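Just so it is clear: chains get the letters A, B, ... in the order the sequence lines come, proteins before strands, and each one is counted from 1. Note that the structure is a prediction, hence the values are computed from the model and not measured.
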Amino acid sequence: MAEAIQKKLKVEVEKYAQMQKEVSKSMSARQKLETQLTENNIVKEELDLLDCSNTVYKLIGPVLVKQDLDEAKATVAKRLEYINGEIQRYETLLKDMEKKSEQHREVLSSLQQEFQKAQGLAVGKV
Amino acid sequence: MAEKGQVDIEHLGGVIRLREEHEKVVKDCESRIQHWKKVSGDYEALNDRLKTLPDQLSYDIMVPFGPLAFMPGKLVHTNEVTVLLGDNWFTKCSAKQAQKIVDHRMKYVKNELDGLSKTIKNFEARVGFAKNLETISASKGDYVDIREEVGNNDSVVTKGKQRMAHKPNSKPKQDVFFDFKEEDEENEEESRDSGSRKCIMTEEELWARLDELEKLEELQDEQDKLSDNGDMNGEDTSSSSSEEEKDADAATPVNGLSLKPGWSALPSSTAPLRQDRKEEEDFEEEEEANCLPTIYFSHTVEPKKVRINTGKNTTLKFSERKEQKEHSKRKKKNGHSNGHAHHELHKITTPADLYRLFVDVKNGEPIPRKSILKSRSRENSVCSDTSESSAADFEERRIMGRSFSHDEATHSDTSDGITEEDSPTAVLLQPPSRFEAFSGTVIEKDPMPSAVPHLTISPPALPTILEKKQEEVAPDVAPPQQAPKRVSKFKAARLQQK
């Protein structure tokens, strides 16, 4: 009896550990997106400050490619929107994962209690 | 004690951890500040370089060739700078434009630095606090735990009546004790501590005495109608403030007396008197139950001082507190009846009572005022402030204070002038159990003694009401010839005014 519970417990613990990993992954991805967001905001501001006289380049690999100022502005704006969307998506994902991990936690705790009871019984018997 | 010790240890552990966490945050902030300062320094250098770069058309420099080699070369197009905007975006601009961009970034860095320095200040303060807490929990240092046990409505100063959900004639609430720890005030309270100790000791016995009297009074009160005092009685009557409120407010329910709680010791004049004041404090000053030296503080109420015109431009300070003292003293001497009567007199159930209470003295005769809001004349009026209660209380004192013996003469402050007048006229007052306009007996009163020539205090009552006093009362009351004839008070007043 106790052994069965123990096995169950192990399985549950593994599942819970995985959940936690996934949560942390999404957390870090979201943080990256956050930094990108701030950066793109700065770029947008700078581009707005510039006038047409200076040329804008984009670094694609080792190559600096000339870009039009307006094009550049549009590109940056699009990128900003994309980043925002990604952040939203990740947030919802994170919430779901949190809920799941909570459930797992509860299951774990109940299993632990059972296990302890069984252990106590076993000790008593012996 | 062992439990307390355990709790302390837990607290200590928690506090230590708190302090450590705070310190971590502080360190983190410090490192970030360092980083931002470096960035700022770099930008400064860059700025300088950009300023000097366009000075020459070309520079002879040593160009780095890979990680290990340099090559002599020239720096051309000194005004053209390619600036990284972020996220792999570049722009070519002149040196001046680049400088603008650099300034922009410098602002941002500065903002970050400011925010971080604020945070660090905040957390440093918290660390300091946590340290203090630690030393306190560990009972080290010379921190003293100061406790103040406050009554239920003690420190709540209200201008109006306090609303209590009590039935009339119900017993007053038991005193509510609660500890009031003031750890932050340790430093200042060290000085106050010595002052409070003295008064605490003298008040303790007074409160005990008051306790007894209060119980007696409760019995009395329950027999009578206490519509006015019902509310007040329901309060925490054992506290000094509510005691005063009860008395004072009973006289003038309209007038809200605000008694200011003060940290002061009782005035010296109260010391010789046996004050019947209840205090709920625990007078163990250096109790070690807390593993800390503890000082128990008492919250006392300052007397309300009222300036009174007593003829010829002299003013006396009427101390509300003295009034209450005398009331309580009266209670003590005369038992329940006096206290009861005291309530009766102050109780205003009919409009006539107002006229009874607020009277002026003119040539030794009580003359009711035309308006209780006005004082007749400077010479004759009792109270120059708008609070009517003092007038009522004055009168009260005159009525009730007859029985005082000469220990009252020990009063030392200015309001003693009033009380001294009472002492020579030792009269026992036993008002009837019920308040009546006319008790049916007529008493001839002696004229006022010359002992109190300079004081013109409002006499007890109108002629018709004075009959209530069955004992020898102070001589300053109505002319006896009107006593047998039953006249309405208003008429009597009018007659007298003529």
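- Inspection of non-hydrogen atoms places no residue of residues 47-54 of chain B under 4.5 Å from chain A.
- To the nearest 0.5 Å, atom CD1 of residue A/I42 and atom CG of residue B/L85 are 10.0 Å apart.
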All donor-acceptor atom pairs under 3.5 Å, backbone and side chain, chain B-chain A:
residue: B/D87; atom: N; partner: A/E39; partner atom: OE2; Å: 2.6
residue: B/D87; atom: OD2; partner: A/N40; partner atom: ND2; Å: 3.4
residue: B/D87; atom: OD2; partner: A/R79; partner atom: NE; Å: 3.2
residue: B/N88; atom: O; partner: A/L59; partner atom: N; Å: 3.0
residue: B/F90; atom: N; partner: A/Y57; partner atom: O; Å: 2.6
residue: B/F90; atom: O; partner: A/Y57; partner atom: N; Å: 2.7
residue: B/T91; atom: OG1; partner: A/T55; partner atom: O; Å: 3.2
residue: B/K92; atom: N; partner: A/T55; partner atom: O; Å: 2.7
residue: B/Q97; atom: OE1; partner: A/N54; partner atom: ND2; Å: 2.5

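- Contact annotation for A/I60: neither backbone nor side-chain heavy atoms come within less than 4.5 Å of a heavy atom of chain B.
- A 6.0 Å sphere centred on CG of B/L75 holds more than 12 heavy atoms belonging to other residues, nucleotides or ligands.
- Tested against B/F90 for a side-chain contact (heavy atoms from CB on, under 4.5 Å), the candidates A/V65, A/L59, A/V56 yield a single pass: A/L59.
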